[in-house]
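Basis for what follows: all heavy atoms, side chains included, without hydrogens, waters or symmetry-related copies.
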Amino acid sequence: MTHKAVFLDRDGVINQDHAYVHKIEDFEFIDGVFEACQQFQAQGYKLVVVTNQSGIGRGYYDEAQFAQLTDWMCKQFLAHGVSISGVYFCPHHPTKAQPQYLRECECRKPNPGMLLQAIEEHDIDPTRSVMVGDKGSDMQAAQAADVRTKILVESGQTFSEEVRASADYVCGTLRQVLDVPPFIS
């Protein structure tokens with residue numbers, strides 16, 4: 001049996017995007033994120049985080065620091081009764097990275113690699129799944145992975161008409177995502 005999932009970008013969707021967040025003390029959950037994820041989970045969705053982390057490639061922090069923050073973040077979700085099924089990250093950048101991370105890759109959004117990996121590893125049906133992101137590249141990755149519903153959250157940003165048009169729905173915050181199909185019946 002295949003599962004449905006909500007794919008969540010991290011910075012700007014789960015936490016405030018303070019640019020290259022990699023320390024627990026700088027990680028600020030966006031209001032309503034736990035409640036929204038509780039509702040997604042209650043509706044039978046697996047929760048999967050897919051996040052570009054070029055700060056690793058740029059040398060601002062390392063994979064161990066990212067792993068430590070990710071472990072802490074997942075424990076905060078668990079404390080609120082929410083299980084994160086997987087966290088996928090891309091440390092690469094095509095032009096601004098240290099040599100071992102300097103490359104074009106299939107995992108960096110807008111490419112679909114992280115989503116495709118999660119779909120395979122967690123037996124996810126993309127046609128019953130949702131991508132929630134705060135950038136056009138999130139919408140493009142979802143489109144390339146055949147994820148049915150694409151939701152753009154503004155999190156205080158403004159988007160071009162082209163980026164807005166790439167999404168099925170545009171919401172102010174993750175909490176407001178609960179007010180659009182497929183989450184309302």
Side-chain angles (χ1 to χ4, degrees), residues 5-34 36-37 47-80 82-119 121-122 131-145 147 150-160 162-163 166-167 172-174:
V6 174
F7 294 98
L8 298 162
D9 178 46
R10 193 191 79 173
D11 301 318
V13 175
I14 292 174
N15 60 287
Q16 298 290 341
D17 190 353
H18 298 306
Y20 308 110
V21 175
H22 62 281
K23 295 179 182 166
I24 291 169
E25 58 267 25
D26 296 333
F27 196 95
E28 184 183 346
F29 284 99
I30 292 175
D31 286 344
V33 71
F34 296 120
C37 289
L47 300 173
V48 177
V49 177
V50 287
T51 177
N52 286 349
Q53 290 293 320
S54 71
I56 295 169
R58 295 169 195 250
Y60 300 158
Y61 49 98
D62 61 29
E63 290 191 42
Q65 288 170 297
F66 174 77
Q68 182 179 21
L69 178 60
T70 298
D71 183 56
W72 174 84
M73 177 190 77
C74 289
K75 285 179 177 161
Q76 303 312 301
F77 274 104
L78 271 178
H80 287 86
V82 174
S83 176
I84 301 294
S85 295
V87 177
Y88 295 82
F89 72 100
C90 172
H92 310 116
H93 195 278
T95 59
K96 299 175 183 158
Q98 298 171 321
Q100 70 269 36
Y101 296 110
L102 184 65
R103 68 170 160 268
E104 291 281 347
C105 63
E106 283 305 307
C107 53
R108 182 175 173 78
K109 295 177 288 181
N111 294 323
M114 288 185 284
L115 286 90
L116 294 174
Q117 184 182 354
I119 286 166
E121 291 179 0
H122 296 279
M131 173 75 211
V132 181
D134 70 329
K135 293 187 174 56
S137 58
D138 296 315
M139 303 302 103
Q140 292 171 294
Q143 180 78 37
V147 172
K150 299 173 296 303
I151 302 174
L152 192 62
V153 291
E154 294 171 310
S155 301
Q157 303 179 76
T158 52
F159 297 107
S160 69
E162 181 184 359
V163 170
S166 71
T173 64
L174 189 60

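With hydrogens and angles disregarded, no donor-acceptor distance shorter than 3.5 Å links the side chain of Asn111 to the backbone of Gly113. Ser155 places a side-chain N or O within 3.5 Å of a backbone atom of Gly12 that can act as its donor or acceptor partner.
Lys75 is linked by a side chain to side chain contact (heavy atoms under 4.5 Å, CB included) to Asp71, counting only residues two or more places apart in sequence or in another chain. Residues passing the ring pair (Phe, Tyr, Trp, His ring centres under 6.0 Å) test with Tyr60, sequence neighbours excluded: Tyr20. Partners of Phe34 according to the ring pair (Phe, Tyr, Trp, His ring centres under 6.0 Å) rule, which considers only residues two or more places apart in sequence or in another chain, are Phe29, Phe77, His80. For the ring pair (Phe, Tyr, Trp, His ring centres under 6.0 Å) test, residues two or more places apart in sequence or in another chain that qualify with Phe89 are Phe66. In this view, Ala36 and Phe40, Leu174, Leu178 satisfy the side chain to side chain contact (heavy atoms under 4.5 Å, CB included) rule, not counting sequence neighbours. With sequence neighbours left out, the ring pair (Phe, Tyr, Trp, His ring centres under 6.0 Å) criterion links His122 to no other residue.
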**side-chain hydrogen bond (donor to acceptor under 3.5 Å, both in side chains) between Ser160 and Glu162, worked out** = CA-CA 5 Å; Ser160 69; Glu162 181 184 359; 5.0 Å; no

**Steps toward side-chain hydrogen bond (donor to acceptor under 3.5 Å, both in side chains) verdict (Tyr61, Gln68)** = CA-CA 11 Å; Tyr61 49 98; Gln68 182 179 21; over 6 Å; no

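To the nearest 0.5 angstrom, Lys135 atom NZ is 7.0 Å from Asp11 atom CG. Interatomic distance, CG of Asn15 versus CG of Leu69, reported as 8.0 Å (0.5 Å rounding). Taken to the nearest 0.5 Å, the CD1 atom of Ile14 stands 8.5 Å off from the CG atom of Leu47. Here the CD atom belonging to Gln100 is positioned 11.0 Å from the CD1 atom belonging to Ile56, to the nearest 0.5 angstrom. Put simply, CD on Glu121 and OG on Ser85 are 11.5 Å apart, with the number rounded to the nearest 0.5 Å.
Side-chain contact between His93 and Tyr101 is absent, with no heavy-atom pair separated by less than 4.5 Å. Side-chain contact between Pro112 and Ile119 is absent, with no heavy atoms from C-beta onward closer than 4.5 Å. Side-chain contact between Gln53 and Thr70: absent, with no pair of heavy atoms (C-beta onward) separated by less than 4.5 Å. The shortest side-chain heavy-atom distance between Val87 and Met73 falls under the 4.5 Å cut-off. Counting only heavy atoms from C-beta outward, the side chains of Met114 and Cys107 approach each other to under 4.5 Å. Between Met131 and Asp9 the shortest side-chain heavy-atom distance falls below 4.5 Å. Here the side chains of Val153 and Thr173 are not in contact, with every heavy-atom distance at 4.5 Å or above. No side-chain heavy atom of Val13 sits less than 4.5 Å from a side-chain heavy atom of Ile30.
Between Ile151 and Met139, the closest heavy-atom pair is O-CE, 3.3 Å. Contact detail for Leu115 and Ala142: the closest heavy-atom pair is CD2-CA, 4.2 Å. Closest approach of Ala118 to Val48, counting heavy atoms only: CB-CG1, 3.8 Å. Here the shortest heavy-atom pairing between Val82 and Cys37 reads CG1-CB, 3.8 Å.
With a 6.0 Å radius and a threshold of 12 heavy atoms from other residues, nucleotides or ligands, Asp26 has its CG atom above the threshold. In Gln16, the CD atom is crowded: over 12 heavy atoms of neighbouring residues, nucleotides or ligands sit closer than 6.0 Å.
Of the residues listed (Glu106, Arg108, Arg103), the one engaging His92 in a side-chain hydrogen bond (donor to acceptor under 3.5 Å, both in side chains) is Arg103, and it is the only one. Here the rule is salt bridge (charged side-chain N to carboxylate O under 4.0 Å, His left out) with Asp138, and of Lys150, Lys109, Arg10 only Lys109 fits it.
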